[in-house]
Number of protein chains: 2
Amino acid sequence: MTKDLLKKNILKNVPFSKSALEEFCSYFYEKSIHKKAFVLVQGEVCKFEGFVLSGCFRIFSIDKKGNENTLYFATKDWWLMDIDSFMNQSPSVLNIQALEDSQVLLIDRKDKLALYETQPAVEKLFRVMSQKALIAWQRRLISSNSLTAKERYHKFLTTYPDISSKVSDRQIASYLGITHEFLSKLKKQKK
Amino acid sequence: MTKDLLKKNILKNVPFSKSALEEFCSYFYEKSIHKKAFVLVQGEVCKFEGFVLSGCFRIFSIDKKGNENTLYFATKDWWLMDIDSFMNQSPSVLNIQALEDSQVLLIDRKDKLALYETQPAVEKLFRVMSQKALIAWQRRLISSNSLTAKERYHKFLTTYPDISSKVSDRQIASYLGITHEFLSKLKKQKK
DNA sequence: GAAAAAAGTTGAACTTGTTCAACACTCTTA
DNA sequence: TAAGAGTGTTGAACAAGTTCAACTTTTTTC
């Protein structure tokens, strides 16, 4: 069954009765995304939440100076959305792009909002997931302010070995908040 | 009533029945914190969540090099905790210190966890608050990577005018991720 | 109200990271 | 299979931000 990965992921966060889990998952539909295709484009309003079955995505924004800023990467077993645009129904400042041919499970915003009301476990699930995500962002901001680019690079490599092997150095640099030229120089130093 | 501010803050996020709100709030107890006193010290496990009634707090960590990194400031109407330590019951990497004589309302972790189970509205409240906080952290990380120190400084001044008037330049610098000497030079440039 | 401590300022030398331009390399894709 | 686009590397000049030390001003404390 194609939704096994999703179910496992959910149960890692909160307990669900078999029937509640089945019902919740029934609202997700599968979608294939080709390499380089966009799931969400800056300016659009985000009307879905996604869960990655396979492949890899990059979530990034482009600032006024034209520089790309990668917020995060999402591979298998990660969740995917622009939560700012999703919650406030405002134009997204983020792009979500597939870095390779990928499969996702999507749930529509209106379905998710309805499930909050009818299924207490769904409310709990996203409370727990949001709090865990919050912790991750806080840790990242601390790293970003207290570590040098070189330290951040090595931390990224060891924290996400699967991701670092999939994405290009340019993209890693934009995640770290440095230029790709400088990353290239850092890698040389290492040896 | 001393809990009016808390009630208003809650109702800004989600609807509560009068009785549910009354019950939830009954678990909060008031505490006075003297200037410079710590509500939480790095290494301790966080067993409470707090809501600021008056005064001002700084939430910061000290890294291996001995540098302070300010994660955020909390004044009246803000929430207060180390969510990482609270959720995982791991030693906190954060310090929470009063910058002036302050009043907070605290709720114990065990009470909060129990309320998640008995009051669906509490679950929803923290789901919504966590998601809003998540949005704020994402925005901050984008700023931190795409703006210069000078731009970040002005953004901070305009986003939190009440806070910037209360805290010292050293503390603002540690929030911005720069040295206080450099901030002093930035301020000079402005004129 | 004096002494001590903390906060802010300035300058010079230094380190970290950027910019721009040139070149080599590897994929696509026609 | 040639062309083109994207990726990685390198160097030189430059800009952003740090470090350390000295000094002034403000705030705290006894």
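Just so it is clear, the values below take in all heavy atoms, side chains as well, and ignore hydrogens, waters and symmetry mates. Order of the sequence lines sets the chain letters (A, B, ...), proteins ahead of strands, with each chain counted from 1.
Aromatic ring centres of B:Tyr160 and B:Phe73 lie farther apart than the 6.0 Å criterion allows. Side-chain rings of A:Phe28 and A:Phe51 stay apart, their centers remaining 6.0 Å or farther from each other.
Across the protein-nucleic acid pair, B:Leu183 atom CG and C:dG8 atom C1' stand 10 Å apart, rounded to whole Å. Taking atom CD of residue A:Gln189 and atom P of nucleotide D:dT10, one finds them 12 Å apart after rounding to whole Å. Rounded to a whole Å, the NZ atom of A:Lys36 is 11 Å from the C1' atom of D:dT7. The CG-P distance, from B:Asp101 to D:dT28, rounds to 11 Å in whole Å. In this structure, NZ of A:Lys65 is placed 10 Å from P of D:dA16, rounded to the nearest angstrom. Rounding to whole angstrom units, CG of residue B:Asn145 and P of C:dT18 are separated by 10 Å. Here the P atom of nucleotide D:dG6 and the CD atom of A:Gln97 are 11 Å apart, to the nearest Å. Taking atom OH on A:Tyr153 and atom C1' on C:dT16, their separation rounds to 18 Å, with Å as the unit.
For residues 167-182 of chain B, proximity to DNA chain C is found at B:Ser168, B:Asp169, B:Arg170, B:His180, B:Glu181, defined as any non-hydrogen atom under 4.0 angstrom from a strand atom.
The residue among A:Lys35 and A:Asn67 whose nearest nucleotide of DNA chain C lies closer to the 5′ end is A:Asn67.
With hydrogens and angles left out, the side chain of B:Lys185 and the base of D:dT19 share a donor-acceptor pair within 3.5 Å.
Counted within 6.0 Å of NZ on A:Lys76, heavy atoms from surrounding residues, nucleotides or ligands total 12 or fewer; the atom is thus considered open. The environment of B:Lys65 atom NZ is dense: over 12 non-hydrogen atoms of other residues, nucleotides or ligands sit within 6.0 angstrom.
Listed by chain and residue number, nothing satisfies the side chain to side chain donor-acceptor pair (under 3.5 Å) test with A:Thr179 (two or more places apart in sequence, or in another chain).
Taking the six-membered ring where the residue is Trp, B:Tyr116 and B:Phe126 present perpendicular rings, their angle passing 60° and hence far from 30°.
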Evaluate the criterion side chain to side chain contact (heavy atoms under 4.5 Å, CB included) for residue pair B:Thr118 and B:Phe24; output intermediate values, then yes/no. CA-CA 10 Å; B:Thr118 57; B:Phe24 177 52; over 6 Å; no

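Of all nucleotides listed (D:dT9, D:dG17, D:dT28), D:dT9 comes nearest to the side chain of A:Lys187.
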